[in-house]
Amino acid sequence: MNVIKIPAKPQKGNNTAKQEVKRLRVAAYCRVSTDNDEQATSYETQIEHYTEYINKNPEWVLVNVYADEGISATNTKKRDQFNAMIEDCKRGLIDMILTKSISRFARNTVDCLNYIRMLKGMNIPVFFEKESINTMDAKGEVLLTIMASLAQQESESISKNVKLGMQYRFQQGKVMVNARCFLGYDKDEEGHLIVNPEQAAIVKRIFLEYLEGASCQKIAKGLERDGILTARGNPRWHDSTVRKILENEKYMGDVLLQKTYTVDFLSKKRVKNNGIMPQYYIEDDHEAIIPKDLFLKVQEEMARRSADRDCMGKKRRFSANHAFSQIVFCAECGETFKRLHWNNRGRKYIVWRCSSRLHDNSTCSARTVREDVLQEAFLEAVNQIVGNSREYLRVLQQNLELAIKQVNPDSVEYLDAQMAELQHELIDRTERHENYDDLAEEILHLRQLREQTVMDDAAKAEYQNRIKELQAFIRSQPKQLTFDDGLVKRLLSKVTVFPEHLVFEFKSGVTVSVEK
């Protein structure tokens, strides 16, 4: 075997001593998880440390110090600076990355290894100071996998401890509410909710307009028209925003804790708590903006609108643009009447016609009623009540006395006492690590029964108020009236259209028939 050595060709002007050494373009990444003063100092210190450390090395040149502040590291979706650093690596702007530790880089093992391997594929090492690991070393990935797993376990442990701490505070009745985006309330120095008078007026307006018949969409448009801002300072209002305000129990002074829960500590995804986790309801925690009876009336009205279906079983679209919207019904098929612009041989009218007849005129033969006729009939009904005031006042007084005599067998106080006993037993079983599913079911049942009792009591009080309102109206009104939309909304609950007459049912329980 003959081996021939081929010498290297001499390079003209090749002087190694004089050749300029290429400097590594080095970046650093640092992060702190919280925004308290101590961590904020750590954040600034890390930036200063890496800036000085990289600039001192003559073989390195500083590209940038990428720093995320106040963001969790369990995933990288919301880490803007981290993601910017990765993009700069892809663009070929970085040769090496320095970071304090694996837990600062990522606490998610999968994310950590994926990014490390991606960077290795681009020949970019990551050096972890605390663990003294260089990802380009042969043993680097093995050590990295172990250390990243430990970091993930640490994050999981912290997450569990935080969750347990929150549940303990919930059990103690300690409320934690973010008031920065909570319309109607601020926080005092001790963290308690206090009413913001200016914003509370907006909340009251929303509740009252809804009870007067306005839809969430109509309320939202009215707030936009008047230049009122949302809790986040946004001039745009959505009907979903109005609905959330109407459903929020905090406006009547109560708090329901743990409405949502975190599915897992990695994704940080929160879902609605439908009984998977325990909930804690605290009554009279803070000053109410909306009285409880008014709040419960709104919940009842929301449930009524949501359950309203037409003759085909489809959900009716709620409308409150006119005084008679949603309250005019067909005697033949039970469907609501809709308002239409009618043109009869060049003569234009506004009429009300049965919805089922509009869809298919073979299903119902109910007559069409002109709006001016409907208004005249309403005035006749009211004038009939006012003209026969003695008789109607007697009927109203009977209705009032009957309503007062109605007694609910399960009072709120009785149900509260039962729930308090079960709550003590529940705590005892929990401490003894015994099963408490039966107690949880019973407490839930009593809670629902209590809510229904409160709503029934509120409805009873409302009915009594409507009777007294009509009594006062009869005594104060002249013999003849002019039509007023507000009067319809205040007094009337339903109109039924028959072939030869109209029946007006008032909120006080009085019924008047008018031939029209």
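Each residue takes its place number in the sequence, starting with 1. It should be emphasised that the depicted structure is a prediction, and the values quoted were computed from it without experimental measurement.
Side-chain contact between Glu129 and Leu98 is absent, with no heavy atoms from C-beta onward closer than 4.5 Å. Here the side chains of Ile194 and Glu287 are not in contact, with every heavy-atom distance at 4.5 Å or above.
Without hydrogens or angle criteria, Thr51 side chain to Ile47 main chain gives a donor-acceptor distance under 3.5 Å. For the pair Gln299 (side chain) and Leu246 (backbone), a donor-acceptor distance under 3.5 Å is present. Side-chain N or O atoms of Thr135 include one that pairs as donor or acceptor with a backbone N or O of Val126 at under 3.5 Å. A donor-acceptor distance shorter than 3.5 angstrom exists from the side chain of Asp68 to the backbone of Gln81, with no hydrogens or angles considered. A donor-acceptor pair under 3.5 Å is formed between the side chain of His286 and the backbone N or O of Lys250.
Using a cut-off of 4.0 Å between Lys/Arg side-chain N and Asp/Glu carboxylate O, Lys297 and Glu300 are scored as not salt-bridged. Using a cutoff of 4.0 Å between basic side-chain nitrogens and carboxylate oxygens, Arg205 and Asp226 are scored as salt-bridged.
Taking CD1 of Ile290 as the reference point, atom CE of Met252 lies at 11.0 Å (rounded to 0.5 Å). To the nearest 0.5 Å, atoms CH2 (Trp352) and OG1 (Thr336) are separated by 9.0 Å. Annotation: the span from Ile219 atom CD1 to Leu208 atom CG amounts to 9.5 Å, rounded to 0.5 Å. In this structure, CD1 on Ile97 lies 7.5 Å from CD1 on Ile116, to the nearest 0.5 angstrom. Atom CD1 of Ile86 sits about 6.5 Å away from atom CE of Met122, to the nearest 0.5 Å.
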Legend entry - side-chain contact (heavy atoms from CB on, under 4.5 Å) evaluation trace for Met302 with Arg243: CA-CA 9 Å; Met302 291 179 78; Arg243 178 169 289 276; 3.0 Å; yes
Inset, instruction - Output, in order, the C-alpha distance, side-chain angles, deciding distance and verdict of side-chain contact (heavy atoms from CB on, under 4.5 Å) for Glu209 and Lys218. - result: CA-CA 9 Å; Glu209 285 187 4; Lys218 187 174 182 179; over 6 Å; no
Inset, instruction - Give the intermediate values and the outcome of side-chain contact (heavy atoms from CB on, under 4.5 Å) for residues Val369 and Phe324. - result: CA-CA 12 Å; Val369 183; Phe324 292 107; over 6 Å; no
Legend entry - Worked check of side-chain contact (heavy atoms from CB on, under 4.5 Å) between His341 and Lys348: CA-CA 7 Å; His341 290 272; Lys348 296 180 180 180; over 6 Å; no
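Aromatic pair Phe182/Tyr251: centroids less than 6.0 angstrom apart.
Taking the six-membered ring where the residue is Trp, Phe207 and Phe295 present tilted rings, their angle falling between 30° and 60°.
The two residues Ser355 and Lys338 make their nearest non-hydrogen contact at OG-CG, 3.3 Å.
Screening residues 229-239 for salt bridge (charged side-chain N to carboxylate O under 4.0 Å, His left out), with sequence neighbours left out, gives Glu224-Arg236.
When each of Phe82, Tyr66, Phe128 is tested with Tyr29 by the rule ring-ring contact (aromatic ring centres under 6.0 Å, His included), just one qualifies, namely Phe82.
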